[in-house]
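A quick write-up on the structure given underneath.
Here is how names work: the chains are called A, B, and so on, in the same order as the sequence lines, proteins then strands, and each is numbered from 1.
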Number of protein chains: 2
Amino acid sequence: MRPTGPLDRVAGAHDAAVLAVARRGEPVARTGLADALQVTPQAISKILTRLMDRGLMAESGSFSSGPGKPTTLYRIVPESRRAIGLHLTRTRLHGVVADLTGQVLERRSVGIDPGRPEPALIADLAGMARELARHGRGELLGVGVGMPGPVDPVEGVYGGSTSSADAWRGAPIRALLLEELALPVHLDHDSRAALVGESWSQPGLLDNAALVLAEEGLGASLRLDGAIVRGAHSQAGEVGHTVVRLDGLPCPCGRRGCAQAEYLAALEAGDQELAARVLATVVLDLVRLVDVDRVVLGGRAVYAHHRVTMEAVRRALAEGLRADAQLHVEVLLSTRGVDLIAVGAACQVLEHEYGLPTALVGPETG
Amino acid sequence: MRPTGPLDRVAGAHDAAVLAVARRGEPVARTGLADALQVTPQAISKILTRLMDRGLMAESGSFSSGPGKPTTLYRIVPESRRAIGLHLTRTRLHGVVADLTGQVLERRSVGIDPGRPEPALIADLAGMARELARHGRGELLGVGVGMPGPVDPVEGVYGGSTSSADAWRGAPIRALLLEELALPVHLDHDSRAALVGESWSQPGLLDNAALVLAEEGLGASLRLDGAIVRGAHSQAGEVGHTVVRLDGLPCPCGRRGCAQAEYLAALEAGDQELAARVLATVVLDLVRLVDVDRVVLGGRAVYAHHRVTMEAVRRALAEGLRADAQLHVEVLLSTRGVDLIAVGAACQVLEHEYGLPTALVGPETG
DNA sequence: CACAATAAGCCAACGCTGTTGCGTTACGTC
DNA sequence: GACGTAACGCAACAGCGTTGGCTTATTGTG
């Protein structure tokens, strides 16, 4: 490896910025990139040369309008890199291989036993990763794992569920999987992974956005000013136990009126309208506090009744924000469907490798 | 001005990082800075040379422990720069001049007429700024203004209050004041200013923190991973109208059970315990969503009964987070007292000039 | 009191970044 | 076929932190 200079960070940030523009899929021109990055076209040439040397981008024809030399177009090379994403729940394991743009190349899904001991779990994860790795042909960058409940992405350890006894509590999943596969492993909260995945292929659109995930529980994740919010203890977005109704239904966590308990109970009673209102309450509080302009909804429980849910959330937002007419919040449905979290986990690997850096100075965040 | 190269951004970020360490007040050594910034001691020498050329830092004796050449110490020069901060409410104008470390050099306070037309308001602001500018001696960097309610810091325009008719609604305060004073002007939400002020003199401590301000209304502000959260419409932290009790007291905004209405009503009834519980509800929701590890309380309404308030918030947090034992949240009282917002407004000027940059690439954010 | 050992800091050369100025290439138009 | 135009490449440049060697100032030892 060549000696790491400080200017590598500038180059790296610019490379990532060009890739971010290019991964929208449309061919890009030198001039447009120069405007976007606020550098000279000549600098863009050097940046593109670096990216083409690494196989990440390629020329893509040219474009002529009027006199003069035609503009050369460049495009991202999706098949140049791959990443594996695994979505782990208590009863199922779902996995995908995705290319550099986050497109799914292959998917797998198996049921697992919730009581399964830790070594067997690791074997399942590793097995699916190895199988998925046989598809596609770009360089395999690593494996991402998304799972519900508290997770420590820095240490790569699962924190255990508060709502049930849990056989995997404290399992050092990243370390074990890394040893098994000899590939970089990223472990994170499911809804955080989902938001990374959702925004990977539409860079910039979700720079101030929240994603609310309704699966076995409720989870949220935030991207503010382009940066994913992890929080001081990596527990940002654990909104499942926010109290939405004082003295409401009892929750396994010991308190009453938790959003998650109310939501699941409403679903079980077949009252989609009520469930959607619980969801909408969480969303409204969140919008007030952090002022996002887009909210993405995802997860099995949402897909099952997505029309009712979206409509109820939109209505609750319009009602709750009616006094602040200048606050427009767009409510979107996830574009990834059931692959949402698995793709997101894969995109976390991509983001780590090719995403825009957050800070310029200080120690590496890993 | 010398031609702006891309490497200025690296240098600028490093200069800001060194200043951030130094503004804690204690003298700093080359080695310590090298560790903090992850660069070689030689680079620190160059950075310090630049900062000393600009008069921002100076040598501060030396320090010997054991054999070898003694370590040279450096300190920030607080008196090298000044900034003015103004805190505007509907009935009072409070102002300070602060030095580079955020220390107050002089303060002023006058009552104003809420119905006062816009030109008179600008004259009041400019008059106080000019008077404050006579104190202290460093270079005057600019004027910061903090005020309650919705504000657009990008355009420098006051958005108007939702709870009352407002003579200043839509006033382009920044443009008018800039024309009057010929100095850079920064306009922002009061609680956001307060958090900037609170964290300026203790860098790093409040990198994941929230500040809740209780004055005429309720406001919150967030700093996540070191970055102040402004939101898509610069309205992050407008939590005053979060609903804490369904079908509660009517609020001037038209809805019922808003945190602000409940809080003010409890205070008026002399029930500090209830008021504190309303505050605590807001804090608890906020901690769940963004996982901050420190919460700062400030504002007149808090100071009046700070023991009761702090205790109630601490109790509510301990109760609400009891199932998540690993989440430690420290509840602090503002260190700035009644100057909180005025100092914060001044520190916004300092932060703009000498604070750590947020992003590396893309267009300037102003 | 002289000397070595030690640690901090300076100087100069280096590789890398994006910038600048100027020449080259490829297109449309007359 | 000559001309104007716009995109692009080449080469020199300034400034960043790094590297390696040298200087400086203190402590400890004979």
Closest to the B:S64 side chain, choosing from C:dT17, D:dT27, D:dT18
D:dT27

Side-chain donor-acceptor pair under 3.5 Å between B:R24 and B:S201, yes or no?
no

N/O (side chain, A:H14) to phosphate O (OP1/OP2, C:dG18) under 4.0 Å
yes

Does one side chain, of A:T72 or A:E59, offer a donor that lies under 3.5 Å from an acceptor on the other?
no

D:dG17 OP1/OP2 closer than 4.0 Å to side-chain N/O of B:R9
no

Measure the distance from CG on B:L33 to P on D:dG17 and round it to the nearest whole Å.
13 Å

For nucleotides 6-12 of chain C, which of its nitrogen or oxygen atoms have a protein nitrogen or oxygen under 3.5 Å away, and what is each distance?
| residue | atom | partner | partner atom | Å |
| --- | --- | --- | --- | --- |
| C:dT6 | O2 | B:G68 | N | 3.1 |
| C:dA7 | N3 | B:K69 | N | 3.1 |
| C:dA8 | O4' | B:K69 | O | 3.3 |
| C:dG9 | OP1 | B:T72 | N | 2.8 |
| C:dG9 | OP1 | B:T72 | OG1 | 2.9 |
| C:dG9 | OP2 | B:R30 | NE | 2.9 |
| C:dC10 | OP2 | B:S45 | OG | 3.1 |
| C:dC11 | N4 | B:Q42 | OE1 | 3.2 |
| C:dC11 | N4 | B:Q42 | NE2 | 3.3 |

State whether a side-chain donor-acceptor pair under 3.5 Å links B:S80 with B:E139.
no

Salt bridge check: are B:D188 and B:R230 linked by an N-O gap of less than 4.0 Å?
yes

Roughly how many Å is it from CD1 in A:I47 to C1' in C:dG18, rounded to a whole number?
8 Å

The single option from A:I76, A:V77, A:L19 that satisfies side chain to side chain contact (heavy atoms under 4.5 Å, CB included) with A:L56 is A:L19

Taking only N and O in the side chain of A:T40, is any of them less than 4.0 Å away from OP1 or OP2 of C:dT19?
yes

Interatomic distance, A:F63 CZ vs C:dA26 C1' [rounded to whole Å]
16 Å

Nearest-Å distance, CG (A:D8) to P (C:dT17)?
7 Å

Over how many whole Å does the gap from A:L51 atom CG to C:dG18 atom P extend?
11 Å

If we count only N and O atoms by modelled type, under 3.5 Å, do the side chains of B:R81 and B:Y354 hold a donor and an acceptor together?
yes

Rounding to an integer number of Å, can you tell me how far A:L48 CG sits from C:dG18 C1'?
14 Å

From CD1 of A:I44 across to P of D:dC8 the rounded distance in Å is 11 Å

